[in-house]
Amino acid sequence: MLEINKIRLNKENVIELLKVKNFKYAEEKINTLLILDEKKRQVQKELEDIKADLNIKSKVIGKFMKEGSKLEAENAKIEVANLKDSSKELEVQMVEKEKEIEDLLLSIPNLPHYSVPKGKTAEDNIIESNFGEIPKLYDGATPHWELCTKYDIVDFELGNKITGAGFPVYKGKGAKLQRALINFFLDEAEKNGFSEVQPPLMVNEASALATGQLPDKEGQMYSIPLDGFYMIPTAEVPITNIFRDVIVQEKDFPICKSAYSQCFRREAGSYGKDVRGLNRLHQFDKVEIVCIDHPEHSYKQLEIMKQHVESLLKKLELPYRVLRLCGGDISFTAALTFDFETYSAAQERWLEVSSVSNFETFQSNRLKLRFKNQEGKTQLAHTLNGSALALPRILASLLENNQTPEGIKIPEVLVPYTGFRLIN
RNA sequence: GGAGAGAUGGGUGAGUGGCUGAAACCAACAGUUUGCUAAACUGUCGUACUCGUAAGGGUACCGGGGGUUCGAAUCCCCCUCUCUCCGCCA
């Protein structure tokens with residue numbers, strides 16, 4: 001959620017930036033917002049003046065009562081009753097205005113960083129860098145879903161039976177490979193200064209609201225209505241909520257956390273080749289990294305997070321590319337996002353395996369995540385997060401790219417974790 | 001799941017209707033002094049919104065929401081959470 005004060009001060013600038021995000025009706029919405037804000041403050045002033053008056057008069061009544069001046073007290077009570085009526089009316093107006101303002105604010109996306117390119121779709125994203133060779137596969141090479149069956153390492157049919165589509169069962173070396181990847185990612189994160197947490201996989205409504213899953217993305221989460229909980233779509237939700245309503249110490253910056261969790265997404269509306277095999281699942285594993293930092297250093301931190309993700313992909317020997325997302329493709333909440341895609345050689349397509357973003361104060365405003373700055377004033381901190389990494393598509397790329405007639409080769413860095421070099 | 005107790009500022013904790021935005025102590029911060037890795041003393045020390053060029057005002061907040069009252073941290077109702085005991089259980 002954007003800060004209303006900043007919109008008030010930089011109206012034209014805000015409108016321009018919203019246009020980069022292809023936000024429709026930017027001008028109209030901002031204008032409406034500012035008019036509402038102006039009115040709200042008028043009402044607020046009026047209301048608070050009346051309340052101040054009420055507070056004083058109530059104290060006077062108290063004095064009369066003590067002195068035993070019953071008549072004066074009764075008269076004052078009548079006077080106060082009138083004031084109360086008008087304050088009630090204003091109070092209703094006030095609540096209405098605040099609600100309208102909040103609803104409007106919630107519908108406005110984050111402002112893009114100045115470096116975000118203009119553009120409408122994923123086609124307009126900028127390829128920042130390319131790393132690694134695209135492997136040439138042997139003649140009998142097949143997509144990962146066939147490899148999974150061939151070597152009996154991921155069983156989609158069995159998952160269908162137990163739960164439904166998108167809930168595969170990992171078996172044998174497949175299950176071990178999952179465990180290896182998780183441990184590898186966690187160890188690497190720790191080496192790079194991210195301290196590990198193991199958060200709950202369900203969150204309450206307040207948490208889902210604070211990170212923006214609610215109200216608009218409710219349909220993307222699995223929910224447990226009986227208890228009012230939601231299955232997390234990403235560990236970002238519980239980790240970021242560690243810092244909800246918290247004032248952190250400036251000296252603790254940057255605060256860096258990592259967490260492994262399973263993620264649950266309903267993925268309503270997905271279809272076709274996007275959901276084939278491991279490409280898109282309802283339940284999947286991911287190691288997430290989250291950072292909290294000073295506004296002046298957050299972009300430097302974003303760079304550090306990017307490097308961390310790149311180092312993982314390099315160590316796994318996967319060909320990848322880094323995309324700077326354009327205004328049209330960047331998420332509602334992010335100011336700047338880099339996507340990482342690995343090449344999946346049998347499908348002959350790039351798969352998104354990580355997304356690293358700076359949210360600036362967009363999340364922290366809702367979270368009320370602040371720090372005391374050097375003047376001793378509380379100020380919103382910047383939040384950043386990224387996947388490091390999501391497993392299924394990494395697995396897909398590994399299986400496809402490393403297949404040989406003899407079997408699937410395990411990258412060298414993973415061998416200490418798997419205990420085997422070949423799936424055959 | 002059953003029975004009981006509780007939730008106050010960074011922490012401990014006082015406060016049962018007006019003098020309480022909240023005592024006291026601790027921690028923290030700033031300063032003074034003493035010549036010694038520290039003590040003593042003095043001062044500062046919640047958050048948000050809002051009015052004002054500023055100085056300085058105002059409003060709200062004592063787990064969350066609602067109610068009673070001229071007036072609520074304090075009384076009533078609902079919810080959440082914590083603790084103790086019992087039951088059940090990985």
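Below, all heavy atoms of this structure are taken into account, side chains as well, without hydrogens, waters or symmetry copies. Every chain is numbered from 1, with letters handed out A, B, ... down the list of sequences. Everything quoted here is computed from the prediction, not taken from an experiment.
Nearest heavy-atom pair across Val287(A) and Ile182(A) is CG2-O, 4.2 Å.
Across every strand in view, rC83(B) sits in a pair with rG4(B) that passes the Watson-Crick or G-U test at under 3.5 angstrom. Remark: rU32(B) base-pairs with rA40(B); criterion is Watson-Crick or G-U wobble with both hydrogen-bond distances under 3.5 Å. Across all strands shown, rG71(B) has no partner, as no Watson-Crick or G-U wobble contact with both distances under 3.5 Å is found. Using the Watson-Crick or G-U wobble rule with both distances under 3.5 Å, rU47(B) pairs with rA60(B). With a cut-off of 3.5 Å on both Watson-Crick or G-U wobble distances, the partner of rC88(B) is given as none. Here rU16(B) sits opposite no nucleotide as a Watson-Crick or G-U wobble pair (both hydrogen-bonding atom distances under 3.5 Å).
Looking at which nucleotide of RNA chain B each of Leu54(A) and Ile247(A) is closest to, the 5′-most match is held by Ile247(A).
rC26(B) and rA40(B): their P atoms are spaced 9 Å apart (whole Å). The same atom, C1', is picked in rC61(B) and in rA73(B); the two are 11 Å apart, to the nearest Å. Across rC85(B) and rU8(B), the matching C1' atoms stand 27 Å from one another, rounded to whole Å. The P atoms of rC77(B) and rG21(B) are separated by 26 Å, rounded to the nearest whole Å. Nucleotides rG11(B) and rU59(B), compared at atom C1', are 29 Å apart to the nearest Å. Taking atom P in both rC19(B) and rC62(B), the straight-line distance is 15 Å, to the nearest Å. Here, rG67(B) and rG9(B) have their C1' atoms 27 Å apart, quoted to the whole Å. Nucleotides rC45(B) and rA24(B) have their P atoms positioned 13 Å apart, rounded to a whole Å.
For Arg41(A) and rC51(B), the shortest distance from a side-chain N or O to OP1 or OP2 is below 4.0 Å. Side-chain N/O atoms of Asn55(A) include one lying less than 4.0 angstrom from OP1 or OP2 on rU59(B). Distances shorter than 4.0 Å separate some side-chain N or O of Lys84(A) from OP1 or OP2 on rG71(B). Under 4.0 angstrom from either OP1 or OP2 of rC70(B) there lies no side-chain N or O belonging to Lys70(A). When the side-chain nitrogen and oxygen atoms of Thr378(A) are compared with OP1 and OP2 of rA48(B), one or more of them lie within a distance under 4.0 Å.
Looking at Arg393(A) and Glu341(A), no side-chain N of the basic residue comes within less than 4.0 Å of a carboxylate O on the acidic one, giving no salt bridge. The existence of a salt bridge linking Arg421(A) and Glu412(A) is confirmed by a sub-4.0 Å separation between a basic side-chain nitrogen and an acidic carboxylate oxygen. Ionic pairing of Lys99(A) and Glu96(A) is not present here: no N-O contact between side-chain nitrogen and carboxylate oxygen is shorter than 4.0 angstrom. Lys191(A) has a carboxylate O that lies under 4.0 Å from a charged side-chain N of Glu188(A), or vice versa, which qualifies the two as a salt bridge.
As a whole-Å value, the separation of Glu250(A) CD from rG10(B) P is 19 Å. rA48(B) atom P lies 17 Å from atom CD of Glu102(A), rounded to whole Å. If you take CG of Asp37(A) and P of rC49(B), they are 12 Å apart, rounded to a whole angstrom. Summarising the geometry, the separation between CD on Gln379(A) and C1' on rU47(B) is reported as 16 Å, rounded to the nearest angstrom. Rounded to whole Å, the distance from CD on Glu46(A) to C1' on rG58(B) is 14 Å. If you take CD1 of Ile56(A) and P of rG71(B), they are 15 Å apart, rounded to a whole angstrom. Atom C1' of nucleotide rC49(B) and atom NZ of Lys6(A) are separated by 17 Å, given to the nearest angstrom. The nearest whole Å value for the distance from the CZ atom in Arg366(A) to the P atom in rA48(B) is 19 Å.
With distances taken from any side-chain atom of Met65(A) to the nucleotides rG18(B), rG46(B), rU50(B), the minimum falls on rG18(B). Side-chain proximity of Ile61(A) to the nucleotides rG18(B), rU47(B), rC51(B) is greatest for rG18(B). Residue Gln44(A) has its side chain nearest to rC49(B) when only rC49(B), rC51(B), rA60(B) are considered. For Ala52(A), the side-chain atoms get nearest to rG58(B) when compared with the rest of rC19(B), rC70(B), rG58(B). The listed nucleotides are rU50(B), rG58(B), rC19(B); the one nearest the side chain of Lys59(A) is rC19(B). Looking at the side chain of Ser58(A), the nearest of the listed nucleotides rU47(B), rG18(B), rU50(B) is rG18(B).
Stacking of Lys173(A) on the aromatic ring of Tyr151(A) is not recorded, the 6.0 Å distance cut-off and the 45° axial limit not both being met.
Using cut-offs of 30° and 60° for the angle between ring planes, the Tyr417(A) and Phe184(A) rings count as perpendicular.
Using a 4.0 Å heavy-atom distance criterion, Asp49(A) is classed as making no nucleic acid contact. Using a 4.0 Å heavy-atom distance criterion, Lys377(A) is classed as making no nucleic acid contact. The residue Lys77(A) sits close to a base: some heavy atom pair falls under 4.0 Å.
Of the possible donor and acceptor atoms, none in the side chain of Asn125(A) sits under 3.5 Å from a partner among the backbone N and O of Leu323(A).
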